[in-house]
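The figures that follow rest on heavy atoms only: side chains count, while hydrogens, waters and symmetry mates do not. Atoms within a ligand are numbered from 1 in the order they appear, just like the ligands themselves.
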Amino acid sequence: MNQEIDWANLSFGYMPTDYNVRCTYKDGKWGEIEVSQDPYINVHIAATGIHYGQEIFEGLKAFRGKDGKVRIFRLDENAKRLQSSARGIMMEPVPVELFTEMVKKVVKLNERFVPPYGSGASLYIRPVEFGISAQVGVKPAKEYVFIIFVTPVGPYFKTGFNPSNICIMRKYDRVAPQGTGRWKVGGNYAASLEAGEKAHELGYSAVLYLDPKEKKYLDECGPANFFAIKDGKYITPASDSILPSITNKSLQQLARDMGIEVEPRHITVDELADITEAAACGTAAVASPVGEIHDLDTGEKYVISKDGKPGPITTALYNELRAIQNGDVEDKHGWITIVE
Ligand code: PLP
Ligand code: COI
């Protein structure tokens, strides 16, 4: 364990750790897993990943339990989503077994960076894959590298589990209607930077994007999905232009377990007037409660949290999710991989 790290006050940032792991796809096959202490990579100047954005990534977390064990949350789902992203932009999918072995290995190698139980922090695991063939024509690479690094992190939104405000700005889209929104493609994040910075300048924690085709329905919330509670039901946007969030899927299951009805469907902006709770959800965001939603085009202000506190259902879902991740309650759905 690292005595010098202030675990309870970590932000969501990069901190160097001991090792990263790498694997290269060449001549039609994946090679051996390499363990590296070098945080840099040597890439060809004509690599497709650099020129044509053939780049995808993932984000998952490891947690230390009261029993000292290290638990990784929904590793298999992240492995499958990376494959879906790879197919989406014509990259070589990383086999699930290789992904699993590399995630376990990099966590084990950096075990001293897994924050202690009770600190509220976790070890963020960042797999990334990109095309490395030297090409100038716009076509898929023949060679790929897959790298995983880890870094200890605290809350993504500065407010942690306290409500923050988000905004709607119709002039920005992060993806096209039938574009790459359902995949975890780096370009989606580049496309979101201007809107994100604008929102931060105006004091909002994130942008609540609308569907890029009609600008009528809610889509997602910066680097996270969006859910709300309306008439006691868990409602969440169903859309082809959002990332299928593993956290959202998990919260939906926990809501059902609590007897709460779940409705993935189109949600119109007007419906915001009738919701009693809302949150941004994702690996980094966990479930970050929303206080107010300001529509900067119409001037409408939707006050979701009347008392400035997270709502009861959001709180119950958050606590249950965290309890499973920390190993405080039984892992009924088989979501946890223990690092041996
Ligand atoms: N939506 C976007 C755009 C994201 O970047 C993320 C983060 O991964 C999510 C949603 C949440 O997905 P997950 O819960 O799988 O982390
Ligand atoms: C995650 O939640 O893992 C994400 O990928 C969000 C990230 C872009 C900060």
Side-chain angles (χ1 to χ4, degrees), residues 10-15 55-63 72-85 88 99 103 121-129 148-158 160 166 172-176 179-193 195-197 199-200 205-212 218-227 234 236-255 264 278-288 290 314 317-318 321-322 324-325 333 335:
L10 284 178
S11 61
F12 193 90
Y14 177 80
M15 176 189 294
E55 186 273 342
I56 55 176
F57 67 101
E58 267 305 325
L60 61 164
K61 280 177 172 173
F63 304 84
I72 304 173
F73 188 67
R74 305 206 74 171
L75 174 49
D76 51 332
E77 287 291 326
N78 287 91
K80 285 190 268 175
R81 193 172 62 190
L82 187 78
Q83 292 195 326
S84 158
S85 300
F99 182 96
V103 168
S122 55
L123 187 74
Y124 187 67
I125 305 164
R126 171 52 66 86
V128 59
E129 182 188 354
I148 312 180
F149 73 78
V150 296
T151 195
V153 294
Y156 189 76
F157 294 123
K158 284 192 199 78
I166 59 175
Y172 296 107
D173 291 316
R174 60 183 286 282
V175 292
T180 53
R182 79 202 92 150
W183 304 311
K184 212 162 164 60
V185 167
N188 297 346
Y189 297 80
S192 75
L193 289 175
E197 288 303 296
H200 291 153
S205 60
V207 179
L208 179 55
Y209 289 97
L210 301 186
D211 80 276
L218 307 184
D219 233 354
E220 62 183 332
C221 188
N225 272 187
F226 176 85
F227 76 82
Y234 181 112
T236 190
S239 164
D240 285 341
S241 49
I242 67 174
L243 191 77
S245 157
I246 296 159
T247 311
N248 191 356
K249 197 167 153 179
S250 309
L251 292 170
Q252 290 178 38
Q253 181 62 54
L254 298 180
C281 62
T283 298
V286 192
S288 297
V290 172
T314 306
L317 290 169
Y318 174 87
L321 180 70
R322 296 300 307 262
I324 295 172
Q325 292 174 331
H333 299 288
W335 290 344

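- Regarding atom 5 (O) of ligand 1, its nearest protein heavy-atom neighbour is Y189 OH, 2.5 Å.
- Residue, atom and distance of the protein heavy atom nearest to atom 1 (N) of ligand 1 are E220 OE1, 2.6 Å.
- Scanning the protein heavy atoms around atom 3 (C) of ligand 1, the nearest turns out to be R174 NH2, 3.3 Å.
- Note: no N/O pair closer than 3.5 Å links A285 and ligand 2 by distance alone.
- Residue A224 touches ligand 1 through its backbone alone, judged by heavy-atom distances below 4.0 Å.
- Contacts between E77 and ligand 1 below 4.0 angstrom, taking non-hydrogen atoms only, are absent altogether.
- In terms of protein heavy atoms, atom 6 (C) of ligand 1 is closest to P223 O, 3.2 Å.
- Among protein heavy atoms, the minimum distance from atom 7 (C) of ligand 1 is reached at K184 NZ, 3.3 Å.
- Taking a cut-off of under 4.0 Å to the non-hydrogen atoms of Y124, the atoms of ligand 2 that pass are 1 (C), 3 (O), 4 (C), 5 (O).
- Using a 4.0 Å heavy-atom cutoff, E58 is absent from the residues neighbouring ligand 1.
- Within the 4.0 Å heavy-atom cutoff, A284 does not count among the residues contacting ligand 1.
- The shortest heavy-atom distance from R81 to ligand 1 is under 4.0 Å.
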